[in-house]
There are 2 protein chains.
Amino acid sequence: MKAFDQYRNPALAVDLVVFGYYENSLNVLLLNRKEEPFKNRWTLPGAFLQMEETFLDTCNRVLNTKLGMDNFFLEQLYSFDAPERDPRGRVIAVAYYALINPSKFEIVAGNMANDVQWFSIDELPKLGFDHKDILDAAVKRLRAKILYNPVGFELLNDEFTMPELHRLYETILQTSIDRRNFRRKILDSDYLVSSGSKREGLQNRPPDLYQFNKALKPNKFQINIDLS
Amino acid sequence: MKAFDQYRNPALAVDLVVFGYYENSLNVLLLNRKEEPFKNRWTLPGAFLQMEETFLDTCNRVLNTKLGMDNFFLEQLYSFDAPERDPRGRVIAVAYYALINPSKFEIVAGNMANDVQWFSIDELPKLGFDHKDILDAAVKRLRAKILYNPVGFELLNDEFTMPELHRLYETILQTSIDRRNFRRKILDSDYLVSSGSKREGLQNRPPDLYQFNKALKPNKFQINIDLS
DNA sequence: GCAAAAGTGTTTGCAGTACACCCATGG
DNA sequence: CCATGGGTGTACTGCAAACACTTTTGC
């Protein structure tokens, strides 16, 4: 029997949508290409899958080398197959998205400084390949997921306040949520533990600090926002 | 620049979970392999992606030739990358799932009769490759999706009755749903149009016939079942 | 004392649940 | 006229949306 990998197969890339939240903005990590095609255009970070790698291996390779990151939320998004998505030839892309806290990581520039940069998803440059499609799908997934899963905590510090979490939700969902009802829903879900202390140094009443409950009972909550 | 497809790439298979509903049972289409590996074991239908094909092309190729099917609900499920999932070598699988009405199609046997068969998802044989994982993911997705999307209609005849739809939901979700509340929710969503006539020939009161509203306003409904 | 933001509580209405009753058919 | 399943209505209840008040800080 002929080995499969000697047939002609499409190349397989793993592309990453890395979300980071700071200064009341949802941001995505983009990479400035220094080679054709799409030279000098911003694109999602990614790499070709090596024969012995799993998807997660490839994700970690990209994130470790280019960004010095590890230990973050990572989830498969979708696979993209448009025949002309890469002008060099047939390339299938398996897209993952990651949620990270930018303050925890230093962005390691690749060969050159300024080739990796955060962009607010409201002020995106024109992207190469079909990466705008991938990014749009990721944003849509994140918005749907955050309504019933505690993924918001991945984007914040270990300790965070209720108003911070509230602003995070309002930013990502691009809507306003009643802060009192929001607080009640989140607290009722038992996903948070009060850390006892308060955030000092702000202008007004110091808000309570919370941590994500690692011994979580899967006590679902549901934020009711119509995304359509 | 060297063409990408001359590098060594994993093979890329498209595997299909074809769901069909009849006789109050959710069934999946399996194929009896006539070659190694997993000779004489039941597996999901699938094919290797050809260079010029999209995923959907491959899906249609499989479904048309083996099953004589077209025009059905088809959605990408997930991509599977376990390194040892195929003993012949590295094969990535992109899984799709389809919803069809078995009464609309004749299963076209491949090279031999009895090599394609419906199995109730409650009485599955041992599957080859990692196809049990894929199937489990598909069932999970279908159960989640049917709660808020009108995909149930794909599995029924063009005209169907409310009790039929109700039984479909109870079967797929493996739970009991109050038929009166179910009816109200579905009708309130405006996804159904009464066809005016009734299903005759049953033993008791003839139930009303409905059709799926093709001019649908995306008027979401929500069946509240805790899937966890 | 005032402004601003955080914490806590209450009212109200609607949607989901749990029911009961009537209707149409076959035998 | 009875059994069986289909169609329709209603009362209750619990949650969520809307909203008001108090508390704590900086200046």
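Just so it is clear, the values below take in all heavy atoms, side chains as well, and ignore hydrogens, waters and symmetry mates. Proteins get letters first, then strands, A, B, ... in listed order; numbering begins at 1 in each.
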Minimum heavy-atom distance between B/N157 and B/S103, given as atom pair plus value: OD1-OG, 3.2 Å

Donor-acceptor contacts under 3.5 Å from residues 199-211 of chain A side chains, at least two apart:
from: A/R199; atom 1: NH1; to: A/E164; atom 2: OE2; distance (Å): 2.9
from: A/R199; atom 1: NH2; to: A/E159; atom 2: O; distance (Å): 3.4
from: A/D208; atom 1: OD1; to: A/K198; atom 2: NZ; distance (Å): 2.6

Verdict with supporting geometry, B/F19 and B/Y21, ring pair (Phe, Tyr, Trp, His ring centres under 6.0 Å): CA-CA 7 Å; B/F19 287 116; B/Y21 175 80; over 10 Å; no

Donor-acceptor pair between A/Y96 and A/Q76 side chains, under 3.5 angstrom: yes

Pair A/E75-A/Y97, side-chain donor/acceptor within less than 3.5 Å: yes

Interface limits on DNA chain C, where chain B has a heavy atom under 4.0 Å of a nucleotide atom: C/dG16 to C/dG26

Whole angstrom value for the distance that separates P of D/dT24 from CG of A/N204: 14 Å

Rounded interatomic separation in angstrom, taking CG from B/D188 and C1' from D/dG7: 15 Å

Those residues of residues 152-165 of chain B lying under 4.0 Å from DNA chain D by at least one heavy atom: B/P163

Partner residues of B/R143 under the salt bridge (charged side-chain N to carboxylate O under 4.0 Å, His left out) criterion, sequence neighbours left out: none

Of all pairs that satisfy salt bridge (Lys or Arg N to Asp or Glu O under 4.0 Å), the ones with a partner from residues 92-104 of chain B, not counting sequence neighbours: B/K104-B/D158

Ring pair (Phe, Tyr, Trp, His ring centres under 6.0 Å) evaluation trace for A/Y191 with A/F221: CA-CA 9 Å; A/Y191 274 118; A/F221 60 91; 5.7 Å; yes

5′-ward residue of the pair B/Q222/B/G201 relative to DNA chain C: B/Q222

Close N/O contacts between protein and nucleotides 19-22 of chain D (under 3.5 Å):
from: D/dC19; atom 1: N4; to: A/R180; atom 2: NE; distance (Å): 3.4
from: D/dA20; atom 1: N7; to: A/R180; atom 2: NH1; distance (Å): 3.0
from: D/dA20; atom 1: N6; to: A/R180; atom 2: NH1; distance (Å): 2.6

